[in-house]
J.: 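Quick one: this structure, given as structure tokens, is what I'll be asking you about.
Proteins come first, then strands; the chains are lettered A, B, ... in the order of their sequence lines, and each starts at number 1. Both backbone and side-chain heavy atoms feed into the values below; hydrogens, waters and symmetry mates do not. Fair warning: this is a prediction, and the values are worked out from it, not measured in the lab.
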Amino acid sequence: MTVRVRYAPSPTGDPHLGNIRTALFDWLLARHHGGQFILRIEDTDRARYVEAGVQAQMEALRWLGLDWDEGPDVGGPHAPYVQSERLDIYREHADRLLDEGNAYLCFCSPERLDEVRKDQQRRKLPPKYDRHCRDLTPAQREDARAQGAVPVVRFKTPLTGETTTFDTLRGDVTFQNDTLDDFVLLKSDGFPTYHLASIVDDHLMEISHVLRGEEWLSSLPRHVLLYQAFGWQPPAFAHLSTILGPDRAKLSKRHGAHAALEYRRQGYLPEAIVNFLALLGWSLDDHTEIIDRQTLIAHFDLDRVLPNPAVFNADKLLWMNGFYIRQLSVDELADRARPFLEEAVGPVDFELLRRIVPIVQERIKLLSDIKEMAGFFFTDGDLDYELETLLGPKFAAEPRAAAYALAMVIAAAEPLPRWDHELLEAAIRPLAAGAGLKAGELFGVIRVAVTGKTATPPLFETMEVLGQDRTLARLRSALDRLHSRAH
RNA sequence: GCCCCCGUCGUCUAGAGGCCCAGGACGCCACCCUUUCAAGGUGGAGAUCGCGGGUUCGAAUCCCGCCGGGGGCACCA
């Protein structure tokens, strides 16, 4: 059997990490089995429709490298792949259900429905449609129409019996039919509900496996009943567990921004996101954490997917991102970090950036960290730091000693025949002992003078990359500040 | 209120009756390396396998009950 899976987002906003995890599992399942991954847009709720939603969904998938075989933009044998363009299809299927006695027209007003629901809640009863219109006579229906009521189509749920379905992750799940109500299939605006549209499309598009969020599990019997009413063979269902925030509640805005594209803006690598998300509910074995895309495809399957919810471990994602950053080649990292740097300091000399990357690579966890870690290479004019920072605890009480040390350093560095870190270190390190300082103490003042910071890449490499002129200029500038402070 | 799902270190997980007085990873602590910060190395703390009953010579693994957590109950998906 061909594996055909679909990711069917509703364009109501930016895709969330939870959605993306579902898309990833869909994609991996398809790629592992050599099947097809289909993108379908479920825009049947025009009230919540967001214009940029479709683009955001596609953008997120593209960023993560989850390519689709059929979809709105690429077409396919079952086009169109946007539900709002398939209204005729749903109408026909609703009519069929109506004709065969598996559905009926309901003329109840939203107000009446609301009243019924409130009454039930007041009496501590499960809120359910009271089936007021289930057995209307043709005359009553004509009457309602004459009064201008626009009907919806409701499914005629069996009053008795039970519905059992196999969920790939949980086994058999059984629901008593009398706990279900007569849900709406077609709304009064002519649009289908999710229930009708997804079942019809999944069947027509020959979907073999439905992977979706756990929140759909309670709708499963409705969907199975629909398949039965149509006389169709249902696909395999796997309800993926929810991703939880630190407080064990469903991940949401309350826990910060978890839109997939937000992670791109923050400097996460797609390979880290993919690897991390794959491990949320799935594992390769008992010890492998870093798994590349090809290995994921080679090994991913539903039999190692867990049914229990997972708390989002942001620390681990950050660690993993740092790991993937360290794996990158110099050119690749320079290339990917460049936009983040330019966002802060403007156009960047790529050759200079290529020389910086090797000394910052193992010090950044996010691409955006490049701004903090290497920004000083791109600053013109004076550095912005406090005198206290320059002096540090060692020289706080004796700025003259710091000035003396810096003057020595300048004198030693100035005549250097070659400006590289080995010569610099050979010239400067011995100075410490002469001034009665530990090497680290001397290096500390130089570090702040040259970079404006106390945590930086290795000092002499940094000086080499910065270049002789700028380094000396900064050392002199620091010396000037010390002198002016002395007077 | 009703229905459904889930339950192994703080977190992600390995574990499909004896290999487990429970293994790996993140985080945390210590030490090593070291000019700062990282990275790396080594070691450590951390789980009465939610609780209580069974079944079995033997249970994290099977059964039942309870408790806890989560999800659903719209002309939203």
J.: With the side chain of A:E214 defined as its heavy atoms from C-beta on, choose the nearest nucleotide among B:C5, B:A38, B:C4.
T.: B:C5

J.: Just to confirm, is there a sub-4.0 Å distance from OP1 or OP2 of B:C4 to any side-chain nitrogen or oxygen of A:R222?
T.: no

J.: With a non-hydrogen cut-off below 4.0 angstrom, is A:E42 in contact with a base, only sugar-phosphate, or nothing?
T.: sugar-phosphate

J.: Where the side chain of A:N313 is defined as all heavy atoms beyond and including C-beta, which of B:C5, B:C12, B:G24 is the nearest nucleotide?
T.: B:C12

J.: Looking at every strand, decide which applies to A:G322 at a 4.0 Å heavy-atom threshold: base, sugar-phosphate, or nothing.
T.: nothing

J.: Among the candidates B:C75, B:C12, B:C4, find the nucleotide nearest to the side-chain atoms of A:K316.
T.: B:C12

J.: Can you tell which of B:U35, B:C6, B:C12 lies closest to the side chain of A:R170?
T.: B:C6

J.: Has A:R117 got a side-chain N or O lying under 4.0 Å from the OP1 or OP2 atom of B:A74?
T.: yes

J.: Would you say B:A74 has OP1 or OP2 under 4.0 Å from some side-chain N or O of A:K118?
T.: no

J.: Is the shortest side-chain heavy-atom distance between A:Y194 and A:S10 below 4.5 Å?
T.: no

J.: Using a 4.5 Å cut-off on heavy atoms from C-beta on, say whether the side chain of A:T454 contacts that of A:V448.
T.: yes

J.: Do the two ring centres, one from A:Y263 and one from A:F276, sit under 6.0 Å apart?
T.: no

J.: Would you find a donor on one side and an acceptor on the other, under 3.5 Å apart, between the side chain of A:T242 and the backbone of A:L244?
T.: no

J.: For RNA chain B, whose closest nucleotide is more 5', that of A:T193 or that of A:R304?
T.: A:R304

